[in-house]
Trainee: 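Supplied in structure tokens, the structure appears directly below.
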Amino acid sequence: MQELTYRRRMLILAICCMSLLIVAIDNTIVNVALPSIQRDLHAPVSGLQWIIDAYTLVLASLLMLAGSMGDRLGRRKVFQTGLVLFTVASLLCSLAPSLSWLVGFRTLQAVGGSMLNPVAMSIISNTFTDARERARAIGVWGGVVGLSMAAGPVVGGLLVQLVGWRSIFWVNIPVGVLAVVLTALFVPESRAARARRPDPLGQLLVIVLLASLTYAIIEGPGRGWASPEILGLFALSAVTLVALVRAESRRSEPLIDLRFFRSIPFSGATVIAVAAFIALAGFLFLNTLYLQEVRGYTALHAGLLTLPMAAVTAITGPLSGRLVARRGSRLSLLAAGGFLTLSALLLELVTPTSPVLFLGVVYALFGLGFGMVNPPITNTAVSGMPRAQAGVAAAVASTSRQVGQSLGVAVIGSVVASQAGASLRTGFTAAGHISWAILAGCGVLVTILAVVTTGPRAIASADRAAALFPESGPGQVGPAPQTGPASGVEERVEKGSGAERCASDVGPGRFGAADDICVSGELVITNEPPDAVTVRVAADGSPETET
């Protein structure tokens, strides 16, 4: 019976990983198909932007709502609904007769995708109650991210070259159908003891804010930056932001608790996430067009050329997680900002005839920078926060990643549309110089915030922000301590404390891709909002768990 129970837990983990795989692979596999879609559907650059941003915008808007829906309505029910929506939308994407229909189906796909990762993380947390087993399970979960990042461009390129761009959406269908059936058979239903109350006004304002801002950026080059429509949209986004701040400050359980932003580490982590993912999305979008439209490579060849970036990201992610566990966020963030900036500056030298070896080295440097930045984002966000608030803080950081991806595609795509004109091949140099400069600026911003968010003043602000939240349960004794030398954690690690065991036994060195962090002997494992798992490791190495 025990063996059967173990097998069922492993099967549930596999089902959750299947959902992560189709969501994570979707962006990379779609990117490599953009030039083929452009030719087949006669899409302008703004149309390519909407193919990506229709997905990331909706995902960013609904992640926190989907997580709370699972807690309230039942995680299996919401998870299955998400799988069905995502699978059906994938089929519809493959049948889209025009650009408008494809963008609409991508939106439906994102609605389903928003219900998968946060709810799957909650299912894993409830299935694996043993601390170390749970840590290993989420290690596998995190490994799927690296797998999808490496496989997406290659699989997408192969399918586009052999079958056509519509086939990239077929990949999701058998996986989704199998996951729906297996979920019904093996995943038990679960709910949170106390789910957060819905915030419909806050949710609506977030959607309007992100949609109006992104639409204005994407459509600005075509309609004119000074046109009444574009200026009106920018004004709408500004008014919506003010309304969101006012509305959220008055609710007892807001969608976004503004008290978090009184913490310099939290506010900095939000900006770092946006900047880093602007760089990633901008790099993928522009690089895809460069390799296929400017260099004339096939989709498969272009996918293979991105492997150095994906491989280095997968390797350095866990290393960065271990560094965060032992030394805090600063070193990882400084390295991330430095390598992102360096790679962007080297990309300024790229021409239509640049040697492939040079491209591979620059892509690897970009992967090194991006791999280093992901794990410390969540660590910086939850630094100093009470344990009960760690999941919500990590949820905002995760949402910021999606916002960054949306803005990256919008901004870089608008630069391309404005500078390249009718021919990307002849206008790429001008568009590339401005785009790579924007990415370099993102790297510089990460570097500056690495210092600002990890200093004594930042730590003090996090402590003051944590004091605003009431203690929320037995054993809650105040804010979680800071990591790194500034808080004395380094001394405890050197003495062989539980913090060291957390880092070496079940810590982020094994699964940095899953946004794992180790906070003074507490491994806060989060992926998508709103749940957090805390593994408290006592001084004798014995784990104590709290969800």
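Keep in mind it's a predicted model, so treat the numbers as computed, not measured. This chain uses plain numbering: 1 for the first residue, then up along the sequence.
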Trainee: Nearest 0.5 Å please: distance from the CD atom of Q402 over to the CG atom of L63.
Mentor: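 Here the rounded value is 6.0 Å.
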
Trainee: Less than 4.5 Å apart, any side-chain heavy atom of Q292 and any of V32?
Mentor: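 When only atoms from C-beta onward are counted, V32 and Q292 do touch, with a gap below 4.5 Å.
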
Trainee: Return the minimal non-hydrogen interatomic distance between A110 and L59, and the atom names on each side.
Mentor: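 Looking at all heavy atoms of both residues, the closest pair is O-CD1, 3.6 Å.
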
Trainee: Are any non-hydrogen side-chain atoms of L304 and V154 less than 4.5 angstrom apart?
Mentor: yes

Trainee: Any chance the rings of F277 and F370 have centres within less than 6.0 Å?
Mentor: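 Under 6.0 Å, so yes.
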
Trainee: Taking the side chain as every heavy atom from C-beta outward, state whether V30 and I168 have any pair of such atoms under 4.5 Å apart.
Mentor: yes

Trainee: Is there a donor-acceptor pair under 3.5 Å between the side chain of R166 and the backbone N or O of A96?
Mentor: yes

Trainee: Please examine the side chains of P44 and L99, heavy atoms only from C-beta on, and report whether any two atoms are closer than 4.5 Å.
Mentor: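 Yes, at least one pair of side-chain atoms sits under 4.5 Å.
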
Trainee: Which heavy atom of Y290 sits nearest a heavy atom of T351, and at what distance?
Mentor: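 What the structure gives for the nearest pair is OH-O, 2.7 Å.
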
Trainee: What verdict does the side-chain contact (heavy atoms from CB on, under 4.5 Å) test give for L349 and L346, after you've listed the backbone C-alpha separation in whole Å, the side-chain angles of each residue and the deciding distance to 0.1 Å?
Mentor: CA-CA 5 Å; L349 305 177; L346 290 174; 4.3 Å; yes

Trainee: Between V180 and F86, is any pair of side-chain heavy atoms under 4.5 Å apart?
Mentor: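 The answer is no, as the side chains (C-beta and beyond) never meet within the 4.5 Å cut-off.
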
Trainee: Is there a donor-acceptor contact under 3.5 Å from the side chain of Q405 to the main chain of A281?
Mentor: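 No.
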
Trainee: Please name the pair of heavy atoms, one in A33 and one in V160, separated by the smallest distance, quoted to 0.1 Å.
Mentor: CB-CG2, 3.7 Å

Trainee: How about T316 and F339: do any of their side-chain heavy atoms sit closer than 4.5 Å?
Mentor: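 They are not in side-chain contact.
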
Trainee: Would you give the length of the straight line joining atom CZ of F79 to atom CD1 of I15, rounded to the nearest 0.5 angstrom?
Mentor: 7.5 Å

Trainee: Starting from the C-alpha separation in whole Å, work towards a yes-or-no answer on side-chain contact (heavy atoms from CB on, under 4.5 Å) for L62 and V111.
Mentor: CA-CA 7 Å; L62 299 182; V111 174; 4.1 Å; yes

Trainee: Hey, is the main chain of W170 close enough, under 3.5 Å, to the side chain of S167 for a donor-acceptor pair?
Mentor: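 Flag not set: sc S167 to bb W170 has no pair under 3.5 Å.
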
Trainee: Rounded to the nearest 0.5 Å, how far does CZ of F283 lie from OG1 of T288?
Mentor: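 The OG1 atom of T288 sits 8.5 Å away from the CZ atom of F283.
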
Trainee: Is it the case that T454 and S329 place a side-chain donor and acceptor less than 3.5 Å from each other?
Mentor: no

Trainee: Determine yes or no for a side-chain-to-main-chain donor-acceptor pair under 3.5 angstrom, with S343 supplying the side chain and V362 the backbone.
Mentor: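 It does not hold such a pair.
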
Trainee: Can you list the steps and then say if L162 with L300 is a side-chain contact (heavy atoms from CB on, under 4.5 Å)?
Mentor: CA-CA 9 Å; L162 295 180; L300 177 59; over 6 Å; no

Trainee: Compare every heavy atom of V324 with every heavy atom of P376, then report the nearest pair and how far apart it is.
Mentor: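 Closest pair (atom of P376, atom of V324, distance): CB-CG2, 3.7 Å.
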
Trainee: Hydrogens and angles aside, do Q38 and W165 bring a side-chain donor and acceptor to less than 3.5 Å of each other?
Mentor: no

Trainee: Between S414 and I217, is there a donor-acceptor pair closer than 3.5 Å when you use the side chain of the first and the backbone of the second?
Mentor: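 The answer is yes, because a donor-acceptor pair under 3.5 Å joins these two groups.
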
Trainee: If you take all heavy atoms of S406 and L57, which pair is closest and at what distance?
Mentor: OG-N, 3.3 Å

Trainee: Spell out, as yes or no, whether a donor-acceptor pair under 3.5 Å connects the side chain of S332 to the backbone of G328.
Mentor: no

Trainee: State, with a plain yes or no, whether a side-chain heavy atom of V411 is found less than 4.5 Å away from one of I278.
Mentor: no

Trainee: Show your reasoning for whether side-chain contact (heavy atoms from CB on, under 4.5 Å) applies to V350 and L359.
Mentor: CA-CA 8 Å; V350 168; L359 293 177; 3.9 Å; yes

Trainee: Testing the basics here: between R330 and V451, what is the closest heavy-atom pair and its distance to 0.1 Å?
Mentor: NH2-O, 3.2 Å

Trainee: Can a donor-acceptor pair be found, under 3.5 Å and without considering hydrogens, that links the side chain of T341 to the backbone of V444?
Mentor: yes

Trainee: Under 4.5 Å between any side-chain heavy atoms of V409 and W50, yes or no?
Mentor: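 Sidechains of W50 and V409: no contact.
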
Trainee: What distance do R106 atom CZ and I52 atom CD1 have between them, rounded to the nearest 0.5 Å?
Mentor: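 Going from CZ on R106 over to CD1 on I52, the span is 5.5 Å.
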
Trainee: Sub-3.5 Å donor-acceptor pair from the side chain of R295 to the main-chain atoms of P352, do we have one?
Mentor: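 Yes; judged by distance alone, with no hydrogens or angles, the pair exists.
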
Trainee: Could you tell me the separation between the CG atom of L407 and the CG atom of D53, rounded to the nearest 0.5 Å?
Mentor: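 Output value for this atom pair is 8.0 Å.
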
Trainee: Has the side chain of T306 got a donor or acceptor atom that lies under 3.5 Å from a matching backbone atom of G303?
Mentor: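 Looks like yes, one N/O pair under 3.5 Å.
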
Trainee: I'd like to know if the side chain of S94 and the backbone of L91 have a donor-acceptor N/O pair within less than 3.5 Å.
Mentor: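 The answer is yes, because a donor-acceptor pair under 3.5 Å joins these two groups.
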
Trainee: What distance do T87 atom OG1 and Q109 atom CD have between them, rounded to the nearest 0.5 Å?
Mentor: 9.0 Å

